[in-house]
Amino acid sequence: MNENLQVQIKKRLTDGKRTADDARAGFMLDLAFETRAGINILFGPSGSGKTTTLRAIAGLVAPDEGRIAHGAQIYFDSTMHINLPIQRRRVGFVFQDNALFPHLTAAQNVAYGVAARERTTRARALLAQFGVEHLAAHYPRELSGGEQQRVALARALAPAPAVLLLDEPLSAVDVPTRARLLDEIDAAQRTSGIPFLYVTHNHAEAVRLGTHLILLHEGRVVQTGRPLDVFNAPQSASAVRAVGTENLFAGRVVEQRPAEGVTVIETNGLQLEAAYNALSIGSLITLGVRAEDIIIARERLTQTSARNVIAGRIREIMQTAEQTELIVDCGVELKVSVTAGTIKALDLRREAEVFLLIKARALHVVS
Amino acid sequence: MIWSAFKVSLLVVSVATIITSVLGLALAFVLARREFRGRELLDAVLTMPLVLPPTVTGYYLIVLLGRRGLLGAPLYAWTGWTITFTWQAAALAATVVALPLMIKAARAAIESVEPKYELASFTLGKGELETFLRVTLPLARRGVVAGIVLSAARALGEFGATLMLAGNIPGKTQTMPLAIYEAVISGEDRRAQTLAVALTLVSVAAVYLTNKLSRAKSAQAA
């Protein structure tokens, strides 16, 4: 029953607002991918075509050419002149800012897409599944951002769609609520058993939820795979750019020193000190550090506030017009971004021995 | 005479308001949500009765629908019936003159509804008509109701085009504004006064109501 979504589309994006001399006037969406069971992440920087792709699958915009199918059901096929209306695609859609109907209560919103005879029972069951049953009679404006998004998830799942599309569903939700919502989205996928296609440019969300990641850059698929694999080993220059500056690696909590405000994490034989968090010892986690938060030095500094001073060796120096990035191997491979001037001043070259300085605060637990 | 003018006006305004509301809403939706060549031209043509002198609008209606008119002549030849000097003519004149107000108000109200709500309804399996009735219309209702009130008031006050197309036949096509005119020229001041006060009260009530509706709307948006 877990049918996959096959997408192969081309679309020239001209939204009228872009003028002819705009650098992106000829922006072309030209991509192909297939989803896997579970939660699929459509990842890429803004302007890479994520939202347009999602809208093409839902039928909110028509591609210029190509084919979109879900199992045996063809949604769109330019050569066969098929363009199934939105209403018949059975595609659930969760909008970025939830788009709950403001004139209907939470229960009425969820019941909106359900046939009359099972309307009330289904709405109540779904509100209960997302823990917002007590808010059934409230209007959207009376709900918090997290509650609104829970109702929006319930509403999208109510008509029993064949696939659920989520367009950055957490962007309007405050940070403390996000972690719980991620758990609920994960649980909802397991309960429904349908494939989810989840658009985001947030690494933490991608790693936490994704079973499969599709990396987009300038309208093309540049890499696919498990989220951590793609983030840690981008295979091309455009993949590197699309992945962004976040270093992500797996680790294990080995020691807690709350008095010092420090949690010690081990990764590939390396002991790192991160800002204290309440995880139990032995927990397996994903750590993140941004490339621009790492300081590079030629000799081992001792009198420094940085809790982590790590020896490493430069594997690669990648220079583009806008930035310079080093890949440093220190047990794990870390991206470090520096200015072009630093390369000269410190005489950095491949295979050079360097030391990386990372503040405990800059090391954050992603999931 | 006051009573019969009131009855004619009630009939004319009721019919004109019903047609204006339904037709105006449909046209407003097309103008707000469909992109096609000549959209703004259509809007301009439909707005003409708002700026033309009503006698000019009435003149065009005679040219179109009079017994020797472009559509009126074949209709007369076929059925032996002509619209001129009937209450239907008064209702038609009132409709044509009131329609632009309904279209303007309803178009603005529909355009202020964010399209994402309609898209959400589509993804929940609903067609265009059901989406319009259950999502767009409820969200645009204040502006739409304001448009209905304004166009009803305009239909009630219609004089020039009505006189051209429907004449001034007491008990048949003589509406309250026409009755005032007749009362004044025949020196029946009391009657003119009663009718004028009645129409003034209705107009004040209509403006008050539309203002209240549009204020409530902006308060809700804030």
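Naming convention: chains lettered A, B, ... in sequence-line order (proteins, then strands); numbering from 1 in each chain. Note that these values count all heavy atoms, side chains included, but never hydrogens, waters or copies made by symmetry. Keep in mind it's a predicted model, so treat the numbers as computed, not measured.
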- Query: Given the options A/R155, A/Q87, A/R88, which has more heavy-atom pairs under 4.5 Å with chain B than any of the others?
  - Reply: A/Q87
- Item | Heavy atoms from other residues, nucleotides or ligands near CZ of B/F29 exceed 12 (cutoff 6.0 Å) | yes
- Message: Shorter than 4.5 Å, heavy atoms on both sides: which option in A/V91, A/V114, A/L104, A/D97 has the most such pairs with chain B?
- Response: A/D97
- Item | Atom NE2 of A/H201 with >12 non-hydrogen neighbours under 6.0 angstrom | no
- Item | A/L100 portion near chain B, given a 4.5 angstrom heavy-atom threshold | backbone
- Can you tell which part of A/R55 gets under 4.5 Å to a heavy atom of chain B, answering side chain, backbone, both or neither? side chain
- Per side chain to side chain contact (heavy atoms under 4.5 Å, CB included), A/P102 is matched among B/V135, B/V113, B/L139 by B/L139
- Message: Using every non-hydrogen atom in the two residues, find where B/K126 and A/G113 come nearest and quote the distance to one decimal.
- Response: CE-CA, 4.2 Å
- Item | Under 4.5 Å from a heavy atom of chain B, the part of A/Y112 involved | both
- Check the surroundings of atom CD in B/E130: do more than 12 heavy atoms from other residues, nucleotides or ligands lie under 6.0 Å from it? yes
- Query: Looking only at heavy atoms, what is the nearest atom pair of B/A120 and A/A99, with distance?
  - Reply: CB-O, 4.2 Å
- Message: Give me the atom names and distance for the closest heavy-atom approach of B/L124 to A/P159.
- Response: CD2-CG, 3.8 Å
- Query: Is chain B contacted by the side chain of A/L60, its backbone, both, or neither, given a heavy-atom distance below 4.5 Å?
  - Reply: side chain
- Item | CZ (A/R124) with more than 12 external heavy atoms under 6.0 Å | no
- Message: With heavy-atom distances below 4.5 Å as the criterion, would you say the side chains of B/R134 and A/F101 are in contact?
- Response: no
- Spatial distance of atom CG (B/L119) from atom CZ (A/F95) [nearest 0.5 Å]: 5.5 Å
- Neighbour count >12 (heavy atoms, 6.0 Å) for atom CZ, B/R39: yes
